[in-house]
Amino acid sequence: RAKGTGKARCVIYSARLGGPPEHDISLEAAMFQAVREGEFLLYYQPIVNAHTRQIQGFETLMRWKHPRLGMVPPARFIPIAETNGLINLLGAWALKAACVRVRRFEQAVRRPLYISVNISPRQFRNDKFLGVLDDALATSGLPGERLLLEITEGTLMVDPVHAEAILSQMAERRARIAIDDFGTGYSSLAYLKRFPISVLKLDRAFVKDLPSSHKDGAICNAVLDLAKHLRLSVVAEGVETEEQLRYLEQRGCQCVQGYLTGKPMPANVAVAALTENQYATLLPDALRAAIQ
Ligand code: C2E
Ligand code: MG
Ligand code: MG
Ligand code: MG
């Protein structure tokens, strides 16, 4: 009987992490090595204005390039880093590197851009986080309002009183807060009233079956309406088709992020995307159409 229970647990465990537990233990060991060897990279995915298609900023997405396993997806390694605490180290590095990087992007196109960085629950709770944030802003010289910190509903709900204190400290630094995967967590709408939030990132789950799904359409419309009345801006995630973009844009969605307007890319490719995008937006419509 005990054996049966053990087996059942193994199944649940491996289903969640996407591999056998033995493998994940070795993956964990490999992570420490990877930190020393500098195998972690940052990719950047464009966030574009739904109307003009101009790049407004980028979301920073971490990558692990393992010499044998190849690219290990964040869905695989972030939960491990969250459990063993490495996320504090990796997250601090990502935040600072991303702030420095976006300054270079800005120099390349001579206009302001913003950078979005994912903050895990454990990082958010860490008492060194505000120091890390100050360091990232000071080192890069990035004005706080051009940094968007992405947190999930779950991060806020663990300890709302503590969250309120941290968020007000972030607001003091003028950093903006986005709710990531909006609509998929356990939460009440009351937190939108309580916390100083600027952006809702509409989860891909509600976007992927647009425009045919009536239910998803209704949810998107409701979120866009709510955001409008609360003066929040919305970034729709996972936009893959022109139809999805048009549907969202027509309903007042300011920004989109997805494979249609750019996959996550290394920094040098992001600079090229920015320069092209900038160039294209300066051209008259007819000429722009001709070069696309
Ligand atoms: P997220 O923050 O919701 O990031 C969006 C995810 O959607 C990314 O997956 C991105 O590659 C993917 N995506 C973007 N556009 C499309 C699309 O059009 N279609 C589809 N199918 N997918 C799209 P990725 O890079 O695998 O990251 C997964 C998650 O890992 C992120 O979800 C975030 O929760 C976490 N993550 C990634 N980087 C970091 C990091 O630096 N720190 C922390 N704490 N978490 C991170
Ligand atoms: Mg995110
Ligand atoms: Mg997201
Ligand atoms: Mg997500």
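Here the structure is a predicted model, which means the values were calculated and not measured. For the numbers below, each heavy atom of this structure counts, side chains included, while hydrogens, waters and symmetry mates do not. Counting convention: from 1, in listed order, for ligands and their atoms alike.
- Taking the Mg ion (ligand 2) as reference, Glu150 places its N/O/S atom OE1 nearest.
- Listed by first and then second residue, the ring-ring contact (aromatic ring centres under 6.0 Å, His included) pairs that reach into residues 219-278 come to none, sequence neighbours excluded.
- When each atom of ligand 1 is checked for a heavy atom of Pro264 under 4.0 Å away, the hits are 11 (O).
- Under 4.0 Å from ligand 1, not a single heavy atom of Leu42 appears.
- In terms of hydrophobic clustering, with Ile, Leu, Val, Met, Phe, Trp and Tyr side chains grouped at heavy-atom distances under 4.5 Å, Leu148 and Leu137 are assigned to different clusters.
- Taking 4.0 Å as the cut-off, Lys201 does not count as a neighbour of ligand 1 on heavy-atom distance.
- Heavy-atom proximity to Gln45, at under 4.0 Å, picks out these atoms of ligand 1: 14 (C), 15 (N).
- Per-residue contacts place Glu240 under 4.0 angstrom from the following atoms of ligand 1 (heavy atoms of the residue considered): 17 (C), 18 (O), 19 (N), 20 (C), 21 (N).
- By the 3.5 Å distance cut-off applied to N or O atoms, Gln257 is not counted among the residues near ligand 1.
- For Asp180, the N, O or S atom closest to the Mg ion (ligand 2) goes by the atom name OD2.
- Among the backbone and side-chain atoms of Glu59, none of the N, O or S atoms lies under 2.8 Å from the Mg ion (ligand 3).
- Distances from the Mg ion (ligand 2) show that Ser116 has no N/O/S atom below 2.8 Å.
- The two residues Arg53 and Leu245 have their closest heavy-atom pair at NH2-CD2, 3.5 Å.
- Using a 4.0 Å cut-off between heavy atoms, Lys263 makes no contact with ligand 1 at all.
- Selection from Val256, Val239, Asp181 by nearest heavy atom to atom 3 (O) of ligand 1 gives Asp181.
- Taking any N or O of Glu59, backbone or side chain, at least one lies under 3.5 Å from an N or O belonging to ligand 1.
- In this structure, Gly238 counts as a contact residue of ligand 1, since one of its heavy atoms falls inside 4.0 Å of the ligand.
- For the side-chain hydrogen bond (donor to acceptor under 3.5 Å, both in side chains) test with Gln45, the passing option among Glu59, Gln257, Glu237, Lys263 is Gln257; the others fail.
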**Full working for side-chain contact (heavy atoms from CB on, under 4.5 Å) between Ile179 and Tyr191** = CA-CA 11 Å; Ile179 301 300; Tyr191 78 90; 3.5 Å; yes
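- Ile78 and Leu89 fall within a single hydrophobic cluster, where Ile, Leu, Val, Met, Phe, Trp and Tyr are joined by side-chain heavy atoms under 4.5 Å apart, directly or via other members.
- Geometry about the Mg ion (ligand 3) gives an angle of 120° between OD1 of Asp181 and OE2 of Glu237, rounded in steps of 10 degrees.
- For Arg174, the CZ atom sits in a loose shell: 12 or fewer heavy atoms of surrounding residues, nucleotides or ligands are nearer than 6.0 Å.
- Here atom 44 (N) of ligand 1 lies nearest to Ser120 when heavy atoms of Ser120, Pro121, Gly262 are compared.
- Contacts of Asn118 with ligand 1, taken as heavy-atom pairs under 4.0 Å, involve both backbone and side chain.
- Side-chain contact between Ile47 and Phe58 is absent, with no heavy atoms from C-beta onward closer than 4.5 Å.
- The shortest distance between side-chain heavy atoms of Asn277 and Gln54 falls below 4.5 Å.
- Residues Val102 and Tyr44 fail the side-chain proximity criterion, which asks for heavy atoms closer than 4.5 Å.
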**Request:** Take Arg246 and Glu249, measure what salt bridge (Lys or Arg N to Asp or Glu O under 4.0 Å) needs, and give me the verdict at the end.
**Result:** CA-CA 5 Å; Arg246 216 170 306 125; Glu249 197 245 315; over 6 Å; no
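- Less than 4.0 angstrom separates some heavy atom of Glu237 from each of these atoms of ligand 1: 3 (O).
- Polar contact check, Ile119 against ligand 1: no nitrogen or oxygen pair lies under 3.5 Å apart.
- Under the 6.0 Å distance and 45° angle rule, Arg176 counts as a cation-pi partner of Tyr114.
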